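Small disclaimer: the values here were computed from a predicted structure and weren't measured. Protein chains get the first letters and strands the later ones, always in sequence-line order, with residue 1 at the start of each. Just so it is clear, the values below take in all heavy atoms, side chains as well, and ignore hydrogens, waters and symmetry mates.
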2 protein chains.
Amino acid sequence: MKLSTKGQYAVRAMVVIALEEHAGPVPLRMIAGMEDISEQYLEQIFMDLRKEKLVEGVRGAKGGYLLSRPPEKITTGDIVRAVEGPISVVECDHAAGQCERVHICVTRDLWLRVSESMRQVMDDTSLADLAECARERNYKGE
Amino acid sequence: MKLSTKGQYAVRAMVVIALEEHAGPVPLRMIAGMEDISEQYLEQIFMDLRKEKLVEGVRGAKGGYLLSRPPEKITTGDIVRAVEGPISVVECDHAAGQCERVHICVTRDLWLRVSESMRQVMDDTSLADLAECARERNYKGE
DNA sequence: ATTAATCCGAGTATAACGCTCGGTTTTATT
DNA sequence: AATAAAACCGAGCGTTATACTCGGATTAAT
């Protein structure tokens with residue numbers, strides 16, 4: 001039931017961009033330094049984020065990444081889905097007709113409810129919320 | 001964010017016991033057959049369930065497992081915790097003083113809220129609930 | 001005595017995770 | 001024009017966790 005580091009890093013990295021992009025594209029090197037995450041691993045993560053159109057890369061010197069939507073319009077659910085796939089506690093097999101055994105059905109309802117509750121929290125928390133929270137808590141580039 | 005098969009199997013197995021224990025201890029072989037789960041893997045799972053006092057084993061011929069509390073008093077949260085440890089979406093490090101970086105704090109709140117919402121659903125669903133649901137859905141030994 | 005079961009410690013193949021490496025391309029700056 | 005900083009990209013790779021299996025010992029009903 002654990003979120004991989006990929007998902008956690010992605011959210012933390014996105015918060016940094018939300019906080020810093022006012023000064024232009026935010027390079028991965030900066031995020032890596034601030035958050036103590038491997039820059040090369042971040043590259044992989046940002047491939048996913050870019051494919052899902054959550055960020056856009058600016059190449060060349062002075063380049064980096066920008067949010068492709070205002071932070072109010074990006075939820076943590078969006079970010080997690082981009083790097084980890086569907087938010088679900090079990091492999092999703094609505095279609096698969098292996099539902100002949102009763103208890104599978106019974107427990108499936110349960111897992112769907114659990115997954116849904118996770119999604120609600122994540123889809124209800126935007127990057128703007130996290131960024132604001134970070135600012136309140138004395139965030140000052142240090 | 002996926003639950004391992006261990007957690008899923010554990011819940012399914014416990015539902016079977018809840019449904020069948022009126023006729024005496026339920027052997028793993030029976031559960032394995034009904035749910036199509038490896039009997040030896042079930043053994044491991046039931047070690048955990050027993051250690052957490054959710055079931056008690058009856059040895060010898062005609063033996064098997066019984067719930068050690070009425071099914072109303074056993075939640076799916078209890079079962080999952082028994083076999084997978086704490087229900088949390090991140091490694092729990094309240095104590096660890098590595099919380100100097102703001103955003104860790106910011107995101108930690110989020111992950112705690114997500115974890116808590118999962119726990120609420122699981123702790124609110126008892127074995128009795130699942131068993132009843134299974135009976136309603138035409139469960140008749142087949 | 002036999003058989004059906006739990007109990008228990010090890011081992012093991014596969015897959016996922018958490019990266020690293022080496023390179024290409026693009027662009028601002030000098 | 002040269003340099004440097006950055007995104008972009010494909011591959012590889014060690015470690016850990018998952019999802020089991022194996023071989024036995026013990027217990028108890030028939």
| message | Should the side chain of A:Arg59 and the base of C:dT27 be counted as holding a donor-acceptor pair, with the cut-off at 3.5 Å? | response | no
| To the nearest Å, how far apart are A:Glu21 CD and D:dA6 P? | 17 Å
| field | Phosphate-side-chain proximity, B:Arg50 and C:dC7, N/O vs OP1/OP2 below 4.0 Å | value | yes
| task | Can you tell me the distance, in whole Å, between the CG atom of B:Asp36 and the P atom of D:dA19? | result | 16 Å
| query | Can A:Arg119 and A:Ser88 be counted as having a side-chain donor-acceptor contact under 3.5 angstrom? | reply | no
| task | Ignoring backbone atoms, establish whether A:Arg29 has a side-chain N or O less than 4.0 Å from OP1 or OP2 of D:dA4. | result | no
| request: Return the nearest nucleotide to the side chain of B:Lys62; candidates are D:dA28, D:dT30, D:dC20. | output: D:dT30
| query | Would one find a side-chain N or O of B:Tyr9 under 4.0 angstrom from OP1 or OP2 of D:dA19? | reply | no
| said: Using a 4.0 Å cut-off on heavy atoms, which residues in residues 37-49 of chain B reach DNA chain C? List them by number, or say none. | reply: B:Glu43, B:Gln44, B:Met47
| query | How close or far is atom C1' of C:dC7 from atom NZ of B:Lys51, stated in whole angstroms? | reply | 10 Å
| Whole-Å gap separating P (C:dT6) and CG (B:Leu66) | 11 Å
| What is the distance from atom CH2 of B:Trp111 to atom CD of B:Glu91, rounded to the nearest 0.5 Å? | 13.5 Å
| What is the distance, rounded to the nearest whole Å, between atom NZ of B:Lys2 and atom C1' of C:dA15? | 15 Å
| Side chain to side chain, B:Arg113 and A:Thr125, heavy atoms closer than 4.5 Å | yes
| message | Does the plane of the ring in B:Tyr65 sit parallel, tilted or perpendicular to the ring in B:Phe46? Use 30° and 60° as the thresholds. | response | tilted
| Looking at A:Arg135 and A:Glu132, does any basic side-chain N land under 4.0 Å from a carboxylate oxygen? | no
| request: Assess whether atom CZ of A:Arg69 is packed by more than 12 heavy atoms of other residues, nucleotides or ligands within 6.0 Å. | output: yes
